[in-house]
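So the structure is just underneath, and the comments pick up after that.
First the proteins, then the strands, lettered A, B, ... as listed; each starts at 1.
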Protein chains: 2
Amino acid sequence: MDPAVAGALACRTPLTAPALGDAEAAALAAVLKALADPNRIKILHRLASAAPDGVCVCDLTEPLGIAQPSVSHHLGVLRRAGLVERRREASFAYYSPVPGALDRLASLLGTGA
Amino acid sequence: MDPAVAGALACRTPLTAPALGDAEAAALAAVLKALADPNRIKILHRLASAAPDGVCVCDLTEPLGIAQPSVSHHLGVLRRAGLVERRREASFAYYSPVPGALDRLASLLGTGA
DNA sequence: CGTCGATATCGATGGGTGTCGATGCGGTGA
DNA sequence: TCACCGCATCGACACCCATCGATATCGACG
C-alpha cells in the first residue's frame, strides 16, 4: 500500500511516545512472571512481614501446603529474578527479600511503564 | 507433634503478621499474570502513552509484529484482568487503559503485599 | 566415620498459554 | 444487495511451568 495513503486512513493513532523496546519489555515481563504465582506471592509476603534476618525453607513448607522441592523451586525463581536473597548457615538456608526490589517495580508501574 | 515442643525447635520464625489468604494471593497473581507478557506490556505502554480516547486493534498489530488474532487475545486478557477497557465504534474497537488500575497494583506492591 | 537432617537438583507428568490460520459476525460503502 | 473490512472466536500446535517423588549434596553430631 502507498505509505502516503496509509497515514490518512480512518484508523490511526498519533503514537506520541516511542515504543517500548523488546529488551525492556522482556525484562519487565521476567520480573512480573516471577511474581505471577499465588505461592510465590505468599512466600514474598511472609518474607517481607516476618523476618528481619531471613526465613528458613522448613518454615515455609508447611503453611504453604506444598512439598519441599516445590518451595525450593519457587525460592529459586524469586532469587533468579532478584527479588529475594539467600543466606546459608549450617545446613539451613535463610531467605529474605531484596530491599527496594519491589519498590523499583512499583515505581515502574506507577509511571505508566 | 507436641505444639509446646514444635515452638522450641531450632528452625522457626516468629510469624509476626497473619498469612496472606488464598483468595488475595490468587487475585494478585491473576493481575500480575495478565501483565507478565512482553507483548501485553508493550500494548499497555502504548495505550497509556498514545491514546486519550483509545487505540484501535489495527494500530497495534503491525508494531508488535504478531498476528491480529494474537493481539485480540492479549487485549482480551488485559480486559478480563480489569486493566484496559474497550469502546466499540462502527466496526472498530478502541482500547484504553483503566485509570488507576496500575496505581492500585503499584501501591499493593509498595506496601509489601 | 557413619548417620541424620535440611536443601537443592533431576525426571516425569499434567495443565496452562502464546501463537497461528481459518472462520464467523457486524458494519460500511459502492 | 453484495463485496469488503475490522475484530473476535475456534481449533490446533508447540512450548512453558507448577508439582511431585526420588535422589544427590552438604554440614552437624555422635
**OP:** Can you measure from CG (Leu64(A)) to CG (Asn39(A)) and round to the nearest 0.5 angstrom?
**Re:** 5.5 Å
**OP:** Scan Arg86(B) against the nucleic acid and name what it touches under 4.0 Å (heavy atoms): base, sugar-phosphate only, or nothing.
**Re:** sugar-phosphate
Subject >> salt bridge (charged side-chain N to carboxylate O under 4.0 Å, His left out) between Glu85(A) and Arg87(A), worked out >> reply: CA-CA 7 Å; Glu85(A) 55 193 1; Arg87(A) 175 174 59 91; over 6 Å; no
Original post:
The side chain of Val57(B) lies closest to which of these nucleotides: dT17(C), dG6(D), dA8(D)?
Top reply: dA8(D)
**OP:** Using atom CG of Leu78(A) as one end and atom C1' of dC17(D) as the other, report the distance to the nearest whole Å.
**Re:** 14 Å
Subject >> For atom CD1 of Ile66(A) and atom P of dC17(D), their distance in whole Å >> reply: 16 Å
Subject >> Listed nucleotide nearest any side-chain atom of Cys56(B), set dT7(C), dC7(D), dT19(C) >> reply: dC7(D)
Original post:
Is the phosphate of dA8(D), meaning OP1 or OP2, less than 4.0 Å from a side-chain N or O of Tyr95(B)?
Top reply: yes
Original post:
Choosing from dT19(C), dA18(D), dG27(C), which nucleotide comes nearest the side chain of Ser91(B)?
Top reply: dG27(C)
**OP:** Quickly work out the Asn39(A) CG to dG16(C) P distance and round it to whole Å.
**Re:** 15 Å
**OP:** Mind checking Arg40(B) for me? I need base, sugar-phosphate or nothing, with any heavy atom below 4.0 Å counting as a touch.
**Re:** sugar-phosphate
Original post:
What nucleotide among dT7(C), dT19(C), dT19(D) has an atom nearest to a side-chain atom of Cys58(A)?
Top reply: dT7(C)
Original post:
Are any of the side-chain nitrogens in Asp22(A) or Lys42(B) under 4.0 Å away from the carboxylate oxygens of its partner?
Top reply: yes
**OP:** Find the distance Lys33(B):NZ to dG16(C):C1' and express it as a whole number of Å.
**Re:** 8 Å
**OP:** Please evaluate the base of dA8(D) for a donor-acceptor partner in the side chain of Gln68(B) within a cut-off of under 3.5 Å?
**Re:** yes
Original post:
When the distance from CZ of Arg88(B) to C1' of dT28(C) is rounded to whole Å, what number comes out?
Top reply: 15 Å
Original post:
Between Arg80(B) (CZ) and dT17(C) (C1'), how many Å, whole number?
Top reply: 12 Å
Original post:
Considering all heavy atoms of both residues, which atom of Ala34(A) and which atom of Arg40(A) are nearest to each other, and what is their separation?
Top reply: O-NE, 2.5 Å
Original post:
Where the side chain of Ala90(B) is concerned, which of dC7(D), dT28(C), dT19(C) is the nearest nucleotide?
Top reply: dT28(C)
Original post:
Which whole-number value in Å describes the distance from Phe92(A) CZ to dG27(D) C1'?
Top reply: 10 Å
Original post:
Does one hydrophobic cluster hold both Leu108(A) and Leu105(B), with members joined at side-chain heavy-atom distances below 4.5 Å?
Top reply: yes
Subject >> Members of residues 69-76 of chain B that approach DNA chain C, where some heavy atom sits under 4.0 Å away >> reply: Pro69(B), Ser70(B), His73(B), His74(B)
Original post:
What pair of heavy atoms forms the shortest contact from Ala25(B) to Pro38(A), and how long is it?
Top reply: CB-O, 3.8 Å
Original post:
Would a distance-only check, ignoring hydrogens and angles, find a side-chain to backbone donor-acceptor pair under 3.5 Å from Ser70(B) to Ile66(B)?
Top reply: no
**OP:** Grab the CZ-C1' distance between Arg79(A) and dA8(C) for me, whole Å please.
**Re:** 10 Å
